[in-house]
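One structure, pasted below without further comment.
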Amino acid sequence: MPKLTVIRGPDEGKEYMLPTGEPQLIGRSSEALPISDNTVSRRHAELTPDGSTWYIRDLKSNNGTMVNGVVIKDRIRLEPGDEINVGITTLLFGINPEDRVFSPVLLTDEEQEIDVELTLPSSGDSYIGDAIDPTAAAEDHLRVIYALTSITARIANKRELLDAVMMLIFNEFKPERGVIMIPGATPEAPMVPGIVRYAAPPTDEDTAKIHVSTTILKAAMDGDGVLSTNAMQDPRFASGDSVQQYQIRSAICSPITFGEQPFGAIYIDSSTVHHAFDRQQLALLNAIGQHTGLALANADEHLKRVNSERMAAIGETVASLSHSIKNILQGLKGGADVVEIGLHKGDLDISRNGWGILRRNLDRIASLTMNMLTFSRKLQLQLELTHINKIARDIAQLMEKVCEEKGVALIVDADPEMPPICVDPSLIHQAIMNLVSNAIEAVEPETGAVTVRVAFNESRPDKNKAGAVLRPAVVISVIDNGPGIPQDRLAWIFEPFNTTKGLKGTGLGLAVTKRIAYEHKGRIRVESTPGQGSVFKVILPADLDAQLDPSATSNRQSGNGESGGLI
């Protein structure tokens with residue numbers, strides 16, 4: 001169980017355990033982790049788990065939320081050792097305070113003696129002229145860039161990308177220490193560490209500190225890679241040549257840029273006794289910085305597109321739902337007016353008619369609300385041994401009044417030998433209710449007929465695949481004699497907000513039913529002939545408790561009106 005430890009602030013030393021699978025709120029409200037810092041908002045930030053991984057997002061707090069000194073704008077993944085700043089409080093995530101890695105220290109020229117050996121613009125050509133074997137050096141550079149391209153092509157998360165780049169650098173350059181500096185969020189901290197890595201764990205706080213020259217860092221942020229040696233200006237080393245020699249370090253600092261846009265800088269160093277870097281390595285690190293900058297620019301553009309598409313989807317969703325809600329509200333208002341007229345005239349029959357209108361629209365808004373909740377949230381199945389026959393009969397009883405008013409026959413044809421199966425009963429109830437409601441609305445008054453058929457299919461050989469066996473399944477069929485569905489619409493009837501009902505529908509019912517079937521590792525199939533009605537079949541595995549695998553997230557969809565998981 002991970003924990004948060006307060007390392008700075010009024011509650012310093014306090015620890016908060018993070019229960020598995022339960023989101024946690026950081027703030028001063030009654031349901032949040034108890035923090036006495038008055039500069040923290042009531043609902044400041046939220047921690048959410050996804051398996052063993054934790055994420056954090058700011059809840060539009062007054063002072064913002066920072067992770068490792070950087071203000072977060074979107075939800076980001078937390079790593080053990082991350083420092084979370086809320087108000088004047090700093091929380092350490094996932095490790096004990098004594099195990100944390102200390103941040104790099106920026107030093108001025110007065111605090112550090114610097115000897116700049118070479119400066120190369122990052123936009124210049126790769127330098128391999130002085131190599132003993134230029135061909136081998138070129139091949140080596142090409143191999144590193146190829147590996148880097150593979151990394152940048154498959155990783156979209158900025159933090160994971162920088163971490164993978166740093167790992168590649170350590171494998172190729174063999175430094176003792178390294179840090180990727182990224183722009184900070186405040187003038188007081190213009191550059192902050194994004195990724196810190198050591199070849200070997202530091203033995204104490206002094207060896208953990210990476211001293212980065214502000215002059216070198218500024219040169220890198222201006223677009224120049226720098227190869228240098230440096231020594232701390234410390235009187236303790238004046239009389240000890242061996243100690244002084246150990247303190248002299250060879251360092252490379254290369255910019256991470258794309259065009260004119262700086263994203264940060266890569267700094268690596270090593271004691272000159274262990275290893276001294278050369279100009280070819282500087283040129284190669286410059287190239288790595290350029291490729292990394294391109295990947296970060298692409299990630300920014302991708303995020304902009306995603307946000308744009310998300311806003312467009314939100315607009316489309318709001319527009320679709322607003323029409324549906326407006327129609328329901330108009331129905332409620334019309335029903336209320338009829339009830340009021342009946343009450344004013346003292347005519348109970350008129351009031352009964354108005355109440356019927358009110359009840360139907362209340363049912364519509366209840367159904368819409370349930371579908372919206374199911375569609376928008378991550379479903380957590382509450383599996384129980386359930387008799388599907390009972391669910392079908394309960395739905396028929398609930399829809400009895402609607403069928404009587406429309407003159408529709410509703411028949412339940414359930415296998416009396418049906419065994420109970422492991423499903424989430426409330427979700428299956430919602431899925432079948434959506435199909436039955438659609439069928440009742442589709443058929444003609446007085447002549448319409450809807451049948452809910454529940455059948456059990458035992459395991460049997462798959463005639464389409466030699467040696468394969470179809471697992472036992474329950475098939476729930478909702479059959480109607482309505483107008484049917486045109487073939488050109490079958491391909492998209494399960495898409496959200498696509499409806500054939502005009503102003504009467506929201507386009508969420510079938511999308512939600514499909515999702516419920518999929519979450520149960522089942523599928524949904526539709527068979528329809530214009531003028532002859534439709535058959536919707538929900539096929540659920542009868543051994544769901546034995547084969548449910550949370551890691552299986554793929555589903556199949558064909559062009560034959562079939563959609564869902566695996567059976």
Determine whether the side chains of Ser534 and Ser528 contain a donor N or O and an acceptor N or O closer than 3.5 Å.
-> yes
Going by atom types only, do Ser426 and Asp424 share a side-chain donor-acceptor pair under 3.5 Å?
-> yes
Asp480 and Val443: which non-hydrogen atoms are nearest, and at how many Å?
->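 In terms of heavy atoms, the two residues are closest at CB-CG1, 3.7 Å.
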Quiz item: cation-pi between Lys514 and Tyr518, 6.0 Å / 45° | no
Report the C-alpha distance between Leu33 and Gln24 in whole Å, list the side-chain angles of each, state the deciding distance to 0.1 Å, and finish with yes or no for side chain to side chain contact (heavy atoms under 4.5 Å, CB included).
-> CA-CA 7 Å; Leu33 300 175; Gln24 299 294 315; 3.5 Å; yes
Answer yes or no: is there a side-chain heavy-atom contact under 4.5 Å between Asn353 and Val339?
->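 Contact flag for Asn353/Val339 side chains = no.
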Distance under 6.0 Å and angle within 45° of ring axis: Arg77 vs Tyr55 |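 No.
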Any side-chain heavy-atom pair of Tyr16 and Pro34 under 4.5 Å |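 Yes. Closest side-chain heavy atoms under 4.5 Å.
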Minimum-distance pair of heavy atoms, taken over all atoms of Ser61 and Ser41 | CB-OG, 3.5 Å
Which atom pair, heavy atoms only, marks the closest approach of Pro483 to Ala442?
->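 So the minimum-distance heavy-atom pair works out to CD-O, 3.2 Å.
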Could you walk me through whether Asp300 and Phe258 pass the side chain to side chain contact (heavy atoms under 4.5 Å, CB included) check?
-> CA-CA 12 Å; Asp300 282 346; Phe258 176 70; over 6 Å; no
For Met418 and Ala455, work out which heavy atoms get closest and say how close.
->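 Answer, listing the atom of Met418 first, then Ala455: CE-C, 3.4 Å.
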More than 12 heavy atoms of other groups within 6.0 Å of Lys406 NZ |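 Yes, NZ of Lys406 has more than 12 neighbouring heavy atoms, counting only those of other groups under 6.0 Å.
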What closest approach, in Å, do Gly64 and Asp58 show between heavy atoms, and which atom pair accounts for it?
-> C-OD1, 3.7 Å
Apply side chain to side chain contact (heavy atoms under 4.5 Å, CB included) to Val71 and Thr65, showing your working.
-> CA-CA 6 Å; Val71 175; Thr65 301; over 6 Å; no
Please report the C-alpha distance between Leu385 and Ile421 in whole Å, then the side-chain angles of each, then the deciding distance to 0.1 Å, and finally whether the side chain to side chain contact (heavy atoms under 4.5 Å, CB included) criterion is met.
-> CA-CA 5 Å; Leu385 278 175; Ile421 63 171; 5.8 Å; no
Please set out all donor-acceptor pairs under 3.5 angstrom arising from side-chain atoms of residues 444-454, sequence neighbours excluded.
| from | atom 1 | to | atom 2 | distance (Å) |
| --- | --- | --- | --- | --- |
| Arg453 | NE | Asp413 | OD2 | 3.0 |

Listed partners of Lys73 passing salt bridge (charged side-chain N to carboxylate O under 4.0 Å, His left out), at least two apart |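 Here no residue qualifies.
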Identify whether the distance between the nearest side-chain nitrogen and carboxylate oxygen of Asp82 and Arg159 falls below 4.0 Å.
->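 Salt bridge present between Asp82 and Arg159.
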Pick one: which of Val535, Val538, Ile539 meets side-chain contact (heavy atoms from CB on, under 4.5 Å) with Arg525?
->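 Single side-chain contact (heavy atoms from CB on, under 4.5 Å) partner of Arg525 among Val535, Val538, Ile539: Ile539.
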Please report the C-alpha distance between Glu46 and Arg75 in whole Å, then the side-chain angles of each, then the deciding distance to 0.1 Å, and finally whether the salt bridge (Lys or Arg N to Asp or Glu O under 4.0 Å) criterion is met.
-> CA-CA 9 Å; Glu46 182 183 46; Arg75 190 181 82 144; over 6 Å; no
Indicate the atoms forming the closest heavy-atom contact of Cys403 with Leu410, along with that distance.
->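 That closest heavy-atom pairing would be SG-CB, 3.8 Å.
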Does CD belonging to Glu405 count more than 12 external heavy atoms closer than 6.0 Å?
-> yes
Check side-chain contact (heavy atoms from CB on, under 4.5 Å) between Asn298 and all other residues, then give those that pass, not counting sequence neighbours.
->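 For Asn298 the side-chain contact (heavy atoms from CB on, under 4.5 Å) partners, ignoring immediate neighbours, are Leu294.
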